[in-house]
Amino acid sequence: MSDNPYMSALNGGGPTMTEEFDGKASYLDQEKNILASASSTERMRSSLSSKYCTMSVDEVVSQLDTDLKSGLSNLQDVSHRRSIHGLNELDSEDEESLLWKFLETFYSDPMIMLLIGSAVISFLMGNIDDAVSITAAIVIVVTVGFVQEYRSEKSLEALNKLVPEMAHLTRNHATETVLASHLVPGDLVHFSVGDRIPADVRLTEAVHLTIDESNLTGETKPSKKSADIVKSPNTSVNERSNIAFMGTLVREGHGSGIVIATAKDTAFGSVFDMMEAIEKPKTPLQKSMDKLGGQLSMFSFVVIGVIGLIGIFQGRSWLDVFQVSVSLAVAAIPEGLPIIVTVTLALGVLRMAKQKAIVKRLPSVETLGSVNVICSDKTGTLTQNHMTVNKVWTTDMKSNPITFENVQSAYSVHPKVITDVSNDVKILLNVGCLCNNSRFSVEKEKFQGNPTDIAIIEALSNFGLYDIRDNVARVNELPFSSSRKYMAVSCGSGSAVETYAKGATEKILSLCKSYYNKNGEIVKLTPDVIKSINESVSSFSNEGLRVLAFAKSSKPFDGEPKDLIFCGLMGMNDPPRPQIKTSIQSLTRGGVHVIMITGDSEQTALNIAQQTSIPTGPNCVLTGDKLDSMNEIELADAIQNVTVFARTSPEHKLKIVKALQMRGDIVAMTGDGVNDAPALKLADIGIAMGLNGTDVAKEAADMVLTDDDFSTILHAIKEGKGIFNNIQSFLTFQLSTSVAALSLIALATLFNLPNPLNAMQILWINIIMDGPPAQSLGVEPVDGEVMNKPPRKRNDNVLTMKVIKRVLQSALFVIVGTMYVYVREMGDSITRRDTTMTFTCFVLFDMFNALSCRSANKSVFELGFSNKMFNYAVGGSLLGQLCAIYVPFFQEIFQTEALSLGDLIYLLTISSSVWIADETRKYIVNKRGGLISPGYSSFV
């Protein structure tokens with residue numbers, strides 16, 4: 001009987017299929033259970049491909065009981081395998097209905113629950129206007145939040161798009177195209193240029209096969225594949241050269257292989273599982289608003305209790321006491337607050353879009369202002385993702401290479417040109433031009449191909465030279481390979497065929513016996529010259545440059561070139577983006593810790609860090625090998641001083657995010673590949689690249705940079721900090737107005753006085769409190785000084801002690817001023833004039849209070865009239881108040897009468913006290929901090 005679990009289960013003389021698999025799990029079942037129990041950060045490294053890549057083709061065939069020519073032959077065996085492993089699809093197991101998800105949002109937020117209670121009580125007491133307005137606020141806020149959350153869950157669906165629909169399959173000696181979802185482990189599949197790999201496949205044949213794995217590994221260079229054994233099982237995903245991973249794209253050649261994993265057992269599947277397991281953390285703002293909801297609830301209950309006790313002591317009926325208490329409690333809740341928060345965040349999204357940052361989740365806008373750690377990719381984010389030549393060196397230059405600080409493209413309008421070019425430099429550049437496979441695309445108006453080749457061609461214009469390849473015929477080519485470490489071509493015609501080579505310095509030097517001097521003469525290589533060459537290579541490498549050596553021969557080559565003449569060196573790199581240094585310096589001053597994550601060597605990473613002003617010092621670099629040896633707790637302890645992670649793979653990002661969050665950091669993480677998606681989802685702010693990022697990364701992220709530029713993050717963080725300041729500003733305004741209105745009614749109740757404001761007047765005040773004046777505070781222009789302030793902590797309240805003091809100060813002036821006018825005007829009975837004076841006084845207090853709430857620190861004289869929406873909102877509110885006083889129709893509605901000019905001046909004088917008091921406070925605070933501007937100081 002066969003040892004293979006599939007065959008033994010099907011063998012008539014052995015146990016039945018049920019008995020076999022009840023008593024003992026199959027080999028692949030065991031593998032599947034191991035993967036299921038593995039920690040999420042190790043899933044990619046310990047996937048089935050890590051085991052099968054170390055096996056020979058014959059061992060894989062034997063292990064999976066298949067055939068290299070005919071594939072799987074027994075259809076019952078295929079059905080059984082599918083029953084174990086399921087369809088080759090990445091489907092979420094538990095799908096909740098949209099309706100249930102929508103309903104869940106109503107009871108998941110304390111503020112929403114509080115508003116629902118307020119709406120129900122208002123309706124039962126006959127306050128239909130309040131009930132309708134509160135209900136509208138709830139529906140708007142919940143709907144917006146649900147839509148945002150629903151869109152963010154599309155990341156899992158984006159993964160499924162990478163699973164190809166069809167596959168070329170051989171079964172039972174027949175080859176046909178079938179649905180990829182029907183594949184099972186052991187199937188024999190084939191693929192060629194343009195095909196997506198349908199499952200994780202152990203290659204059995206690879207003919208000039210290269211596969212684009214950038215959506216999985218983040219590496220932009222296609223991976224060369226072979227069927228040879230990989231010796232170490234601990235290799236990273238991008239080093240498993242005999243495995244083709246599901247969802248990756250065949251760029252060149254063709255191949256065949258045996259399916260070793262399907263669906264969630266694949267490398268993509270492990271990403272899918274991690275995405276499902278990760279629950280997006282609540283933003284600091286959401287946590288703060290939850291706390292505020294609890295605090296307002298407590299405040300409401302205290303109000304009900306205190307006013308209820310007062311009413312009972314006064315001998316009022318229980319029903320009257322209950323109605324008054326509940327009315328006051330409802331009035332204490334600023335039901336417009338959730339709407340204003342939503343509108344403010346939405347406007348912030350629009351402003352960020354203009355800065356080339358697309359924010360997908362509204363709460364994430366404000367979270368940006370709380371970020372204190374940014375983990376950034378190097379290539380394309382900190383750098384330009386465009387290789388350029390920085391140094392050119394020939395042997396006679398000694399230690400003085402030609403250096404370019406800013407190398408322009410060959411198609412720049414005004415390229416920097418060196419006119420005095422020696423013969424050896426011309427020979428070097430000529431070799432670089434002819435030993436080159438890049439091509440100019442007329443359609444895209446730029447060179448395409450290997451970034452190194454493109455950099456060499458673009459450097460020609462800096463020497464007044466041009467691409468001559470169209471005029472020279474190529475006779476032979478020896479392509480670059482990782483084992484050969486160089487490339488060579490023969491060009492020319494007839495007897496005038498020459499050889500040109502470029503590659504690693506040590507390899508090129510081993511093929512050379514002479515070199516060109518500055519006059520273009522051939523001179524024999526000596527130990528001293530070789531030493532000079534190696535010293536220059538070390539110098540270039542220490543500067544973080546990639547070094548290429550160039551050589552030529554006057555003869556064609558057959559097999560491998562010999563007796564080459566050394567021409568010189570080129571040092572090139574991917575330069576930092578122009579504004580990156582200033583951006584990182586600004587972030588560092590603002591208390592944001594910038595960490596670079598790269599697959600480059602330590603030295604290259606450190607050089608880029610120094611060029612971009614990322615702080616470096618002792619223990620600032622941590623490599624991927626050391627990272628693998630640490631658990632998350634150890635990493636959280638060691639990460640304090642780390643600013644550079646070198647030699648890392650994309651799967652390390654998830655571990656880094658977890659370690660930082662364990663320390664209490666609010667983390668922003670950049671990424672572009674599929675394998676980055678779990679880290680992007682787990683991070684407080686996931687930032688995907690819009691130009692080079694995969695759809696999966698964009699869907700998992702909270703923000704997408706349309707220009708892939710790190711400096712855009714700076715603008716987004718500045719906007720986020722400004723938004724939080726604005727949220728505190730309108731919160732101060734709303735709560736101070738609410739407390740003042742509440743206190744007026746409470747005082748009138750306490751002293752058995754008639755109500756100073758009627759129902760319509762209170763409604764108008766609520767409209768002002770929750771309407772345009774409050775909303776206009778949410779769009780106050782961002783103060784440039786916010787970037788000098790440290791990020792707020794994860795658990796900080798939105799209702800800080802500083803805000804509470806401002807609320808109480810403003811409310812006190814409104815209460816005292818309005819009560820003074822009310823008591824002074826009141827005679828034996830309450831007249832329309834009395835309520836009109838009190839009503840107008842309160843509204844004017846509100847306007848001056850809104851003026852002072854524009855900024856917590858800056859004077860109105862410094863802010864000027866920069867907020868146009870605020871100007872229109874206050875102007876409209878004042879015009880509305882004048883209509884309520886002087887238009888007969890509105891006089892009947894609000895029970896008011898016309899006031900004299902003297903009355904208005906008197907009320908303006910009284911109500912301005914709240915603004916004058918706040919301006920005085922700002923002046924005193926700023927004077928202590930030395931922040932008084934000349935204009936403000938002279939005014940005061």
Side-chain angles (χ1 to χ4, degrees), residues 37-47 50 217-218 234-239 270-271 273-275 277-281 284 370-378 381-382 584 587-588 591-606 608-609 614-671 673 675-687 700 791 793-795:
S37 62
S39 64
S40 58
T41 54
E42 296 300 322
R43 283 291 304 277
M44 186 71 72
R45 191 172 293 277
S46 63
S47 61
S50 68
T217 65
N234 296 320
T235 55
S236 61
V237 171
N238 54 356
E239 293 174 326
S270 64
V271 175
D273 275 355
M274 284 187 270
M275 291 282 287
I278 293 170
E279 184 176 348
K280 188 68 184 178
S370 305
V371 166
N372 68 324
V373 177
I374 299 177
C375 297
S376 174
D377 288 325
K378 177 184 76 71
T381 307
L382 297 177
I584 290 179
L587 287 167
T588 302
V592 179
H593 182 47
V594 180
I595 294 175
M596 180 173 71
I597 303 176
T598 177
D600 289 333
S601 65
E602 291 183 54
Q603 188 59 51
T604 301
L606 273 173
I608 291 294
I614 293 176
T616 56
N619 304 316
C620 71
V621 181
L622 195 63
T623 61
D625 292 339
K626 293 179 181 177
L627 195 62
D628 288 331
S629 65
M630 296 179 175
N631 59 37
E632 286 162 6
I633 297 175
E634 291 171 337
L635 180 57
D637 292 335
I639 211 169
Q640 176 68 32
N641 299 315
V642 176
T643 54
V644 176
F645 285 94
R647 294 294 187 194
T648 60
S649 57
E651 56 262 33
H652 284 131
K653 288 185 175 182
L654 192 65
K655 192 171 184 178
I656 294 171
V657 171
K658 287 183 177 179
L660 289 167
Q661 289 179 334
M662 284 179 66
R663 298 173 65 243
D665 293 319
I666 298 176
V667 185
M669 171 68 77
T670 70
N675 204 24
D676 292 331
L680 292 175
K681 185 176 180 182
L682 179 63
D684 297 282
I685 292 290
I687 304 172
K793 296 179 181 178
R794 183 182 295 273
N795 297 323

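The distance from the CE atom of Met669 to the CG atom of Leu660 is 7.5 Å, given to the nearest 0.5 Å. Atom-to-atom distance recorded for Thr588:OG1 and Ile374:CD1 is 9.0 Å, nearest 0.5 angstrom. For the atom pair Ile685 CD1 and Cys375 SG, the distance stands at 13.0 Å (nearest 0.5 Å). Gln640 contributes atom CD, which lies 11.5 Å from atom CG of Asn619 (distance to the nearest 0.5 angstrom). Between the CG atom in Leu627 and the NZ atom in Lys655 there is a gap of 5.0 Å [rounded to 0.5 Å]. A distance of 7.5 Å separates OG1 in Thr670 from CG in Leu382, rounded to the nearest 0.5 Å.
The minimum heavy-atom distance linking Ala700 with Ala677 is given by the pair CB-O, 3.7 Å. Across all non-hydrogen atoms, the minimal contact from Thr643 to Pro615 is OG1-O, 2.7 Å. A pairwise comparison of heavy atoms in Ala605 and Met596 identifies O-CE, 3.0 Å as the closest pair. Here the closest heavy-atom approach between residue Gly671 and residue Asp676 is recorded as CA-OD2, 3.4 Å.
With a 4.5 Å cut-off on side-chain heavy atoms, Asp684 and Gln661 count as touching. The shortest side-chain heavy-atom distance between Pro791 and Ile666 does not fall under the 4.5 Å cut-off. Between His652 and Ile597 there is no side-chain heavy-atom pair separated by less than 4.5 Å. Using a 4.5 Å heavy-atom threshold, the side chains of Pro618 and Asn641 count as separate. Between Leu606 and Cys620, some side-chain heavy-atom pair lies under the 4.5 Å cut-off. Proximity of Glu632 to Leu635: side-chain heavy atoms (C-beta onward) are nowhere separated by under 4.5 Å. Annotation: side chain of Asp625 is not in contact with side chain of Arg647 (no heavy-atom distance under 4.5 Å).
Under a 4.0 Å N-O distance rule, the pair Asp377/Lys653 qualifies as a salt bridge.
Considering only residues two or more places apart in sequence or on other chains, Asn372 meets the side-chain hydrogen bond (donor to acceptor under 3.5 Å, both in side chains) condition with Asp665. Evaluation of the side chain to side chain contact (heavy atoms under 4.5 Å, CB included) rule for Val642 yields Leu622, Ile639, Phe645 as partners, not counting sequence neighbours. The side-chain hydrogen bond (donor to acceptor under 3.5 Å, both in side chains) search around Thr598 returns Asp600, not counting sequence neighbours.
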